[in-house]
Amino acid sequence: MQFRFIDDPPASGFVNMATDEVLLASALPVLRFYAWQPACLSVGYFQKIETINTSLCRELNIDIVRRLTGGSAVLHKSELTYSLVCDAKLMPRPVIESYKAISAGLLQGLKNVGLNPVLQGKAEKGRKSSLCFNDPSRFEVTVNGKKIIGSAQKRINGKILQHGSILIKTNAAEYCSLFNLPEPMHPEHIEKRMTSVDNELGEGTVGFPRIKEAVKDGLKNALRANFKKSSLTPEERRQAENLATDKYMKCQWNYLR
């Protein structure tokens, strides 16, 4: 399977989400790596904005953007973010099976840097949390029982968009502070449920270039993909910038629920 491989420089959350949407029109499947500048809290499509401490986000210069995909909020700061776009017919038909196939590539990528990850066998029962990394879902990747990758998928007009965060560093106290929760979420609780590459292997042990190559190789093998280095075309970049301004920066989109 021929893929475009795009390794983008850091951008705002508004541009990043707009770019993922624009790439749904790509003739070829796409694997894209990217980062966020400034830090950003992305909220799931169906998530209520009242769960977010919007005033603290503004105080800390953390943007808020609503994703096309569902799931719970993710703080994008010290991480590698991936997105994968392809025709739905190129992946297993059931959503959970396509999710599993992509997760297998991510799992292999973490093995490539010396971690011992596993796929979560089943989702935990109970009320869904507002914090993505408080809830390991079925076929997500964990290390030592803690969630290290949070992903979400959506199918649109025959295309699959799946994107997710591979945590490099964590700050549980900061993460918890960004939410308005019925009961205070203590950082000690989150630290037992989320982890990162640095937590497991030691700070700075694995640099971003190595992690990128490791995850890319893992997905290449799992999806039987051939990645060809690419970049956004001038037209794709123009569309992404316009979509960021006209949609993803708007309160009507980000605060719609």
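A pairwise comparison of heavy atoms in Ile62 and Glu174 identifies CD1-OE2, 4.0 Å as the closest pair. The nearest pair of heavy atoms linking Leu60 to Leu178 is CD1-CD2, 4.1 Å. The minimum heavy-atom distance linking Leu232 with Arg237 is given by the pair CB-NH2, 3.6 Å. The minimum heavy-atom distance linking Ala152 with Gly70 is given by the pair CB-O, 3.6 Å. The two atoms that bring Asn61 and Pro38 nearest to each other are O-CB, 3.8 Å, heavy atoms only. The two residues Gly44 and Arg67 have their closest heavy-atom pair at CA-NH2, 3.4 Å.
Annotation: the span from Asp7 atom CG to Lys229 atom NZ amounts to 7.5 Å, rounded to 0.5 Å. Rounding to the nearest 0.5 Å gives a distance of 6.5 Å between CD of Glu21 and CD1 of Ile156. Note: Ile52 CD1 to Phe179 CZ = 4.5 Å, rounded to the nearest 0.5 Å. One finds the CZ atom of Phe14 at 12.5 Å from the CG atom of Leu243 (value rounded to the nearest 0.5 Å). Residue Gln108 holds its CD atom at 6.5 Å from CG of Asn221, rounded to the nearest 0.5 Å. To the nearest 0.5 Å, atom CD1 of residue Ile149 and atom CG of residue Leu106 are 4.5 Å apart.
Hydrophobic clustering of Ile, Leu, Val, Met, Phe, Trp and Tyr side chains at less than 4.5 Å, counting indirect connections, keeps Leu28 apart from Leu161. Residues Ile102 and Leu119 share a single hydrophobic cluster, defined by chaining ILVMFWY side chains whose heavy atoms lie under 4.5 Å apart. Leu80 and Leu223 fall within the same hydrophobic cluster, where Ile, Leu, Val, Met, Phe, Trp and Tyr residues are linked whenever their side-chain heavy atoms come under 4.5 Å apart, directly or through other members. Hydrophobic clustering places Leu256 together with Leu68 (ILVMFWY residues linked when any side-chain heavy atoms are closer than 4.5 Å, directly or through intermediates). Leu84 and Tyr34 end up in different hydrophobic clusters when Ile, Leu, Val, Met, Phe, Trp and Tyr side chains are linked at under 4.5 Å.
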Carefully, step by step, assess Asn180 and Thr51 under the rule side chain to side chain contact (heavy atoms under 4.5 Å, CB included). CA-CA 5 Å; Asn180 298 320; Thr51 62; 5.8 Å; no
Set out, in order, the CA-CA distance, both residues' side-chain angles and the distance that settles side-chain hydrogen bond (donor to acceptor under 3.5 Å, both in side chains) for Asn199 and Thr170, then state yes or no. CA-CA 8 Å; Asn199 283 350; Thr170 57; 3.0 Å; yes
Walk me through whether Ile168 and Ser196 qualify under side chain to side chain contact (heavy atoms under 4.5 Å, CB included). CA-CA 5 Å; Ile168 309 302; Ser196 66; 5.7 Å; no
Checking side chain to side chain contact (heavy atoms under 4.5 Å, CB included) for the pair Val197/Leu115: CA distance, chi angles, key distance, verdict? CA-CA 8 Å; Val197 174; Leu115 290 166; 4.3 Å; yes
For Tyr255 and Val43, what are the C-alpha separation, side-chain angles and deciding distance, and is it a side chain to side chain contact (heavy atoms under 4.5 Å, CB included)? CA-CA 10 Å; Tyr255 291 69; Val43 300; over 6 Å; no
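Under the side-chain hydrogen bond (donor to acceptor under 3.5 Å, both in side chains) test applied with Asn16, the options Gln37, His163, Arg32 reduce to a single match, Arg32.
Contact annotation: the side chain of Asp20 never approaches that of Val85 to less than 4.5 Å [non-hydrogen atoms, C-beta and beyond]. Between Val215 and Val113 the shortest side-chain heavy-atom distance does not fall below 4.5 Å. Side-chain atoms of Asn116 and Val143, non-hydrogen and from C-beta on, never get closer than 4.5 Å to each other. Residues Thr19 and Ile6 form no side-chain contact, since every pair of their non-hydrogen atoms from C-beta on lies 4.5 Å or further apart. Under the 4.5 Å side-chain criterion, counting only non-hydrogen atoms from C-beta, Ser98 is in contact with Arg155. In this structure, Leu56 and Ser177 have side chains that are in contact, with non-hydrogen atoms separated by less than 4.5 Å. For the pair Glu200/Leu110, no side-chain contact is recorded, criterion being any heavy-atom separation below 4.5 Å from C-beta on. Residues Glu203 and Lys169 meet the side-chain proximity criterion, which asks for heavy atoms closer than 4.5 Å.
Donor-acceptor pairing under 3.5 Å is recorded for the side chains of Thr81 and Glu79. With no hydrogens or angles considered, a side-chain donor-acceptor pair links Ser55 and Asn53 at under 3.5 Å.
A salt bridge links Arg238 and Glu235; the closest N-O separation between the charged side-chain nitrogens and carboxylate oxygens is under 4.0 Å.
Checking side-chain atoms of Lys111 against main-chain N and O of Gly218 turns up no donor-acceptor pair under 3.5 Å. Not a single donor-acceptor pair under 3.5 Å links the side chain of Asp217 to the backbone N or O of Gly109.
Residue pairs meeting the ring pair (Phe, Tyr, Trp, His ring centres under 6.0 Å) criterion with at least one partner in residues 65-94, sequence neighbours excluded, are Trp36-His76.
For Lys220, the NZ atom is loosely surrounded, since the number of other residues' heavy atoms within 6.0 Å does not exceed 12. Annotation for Asn157: atom CG does not count as buried by contact number, only 12 or fewer foreign heavy atoms lying within 6.0 Å.
With sequence neighbours excluded, no residue satisfies salt bridge (Lys or Arg N to Asp or Glu O under 4.0 Å) with Asp246. Residues passing the salt bridge (Lys or Arg N to Asp or Glu O under 4.0 Å) test with Glu236, sequence neighbours excluded: Arg4.
Between Tyr248 and Trp253, the ring planes are perpendicular. Angles over 60° get that label, and only those under 30° would be called parallel.
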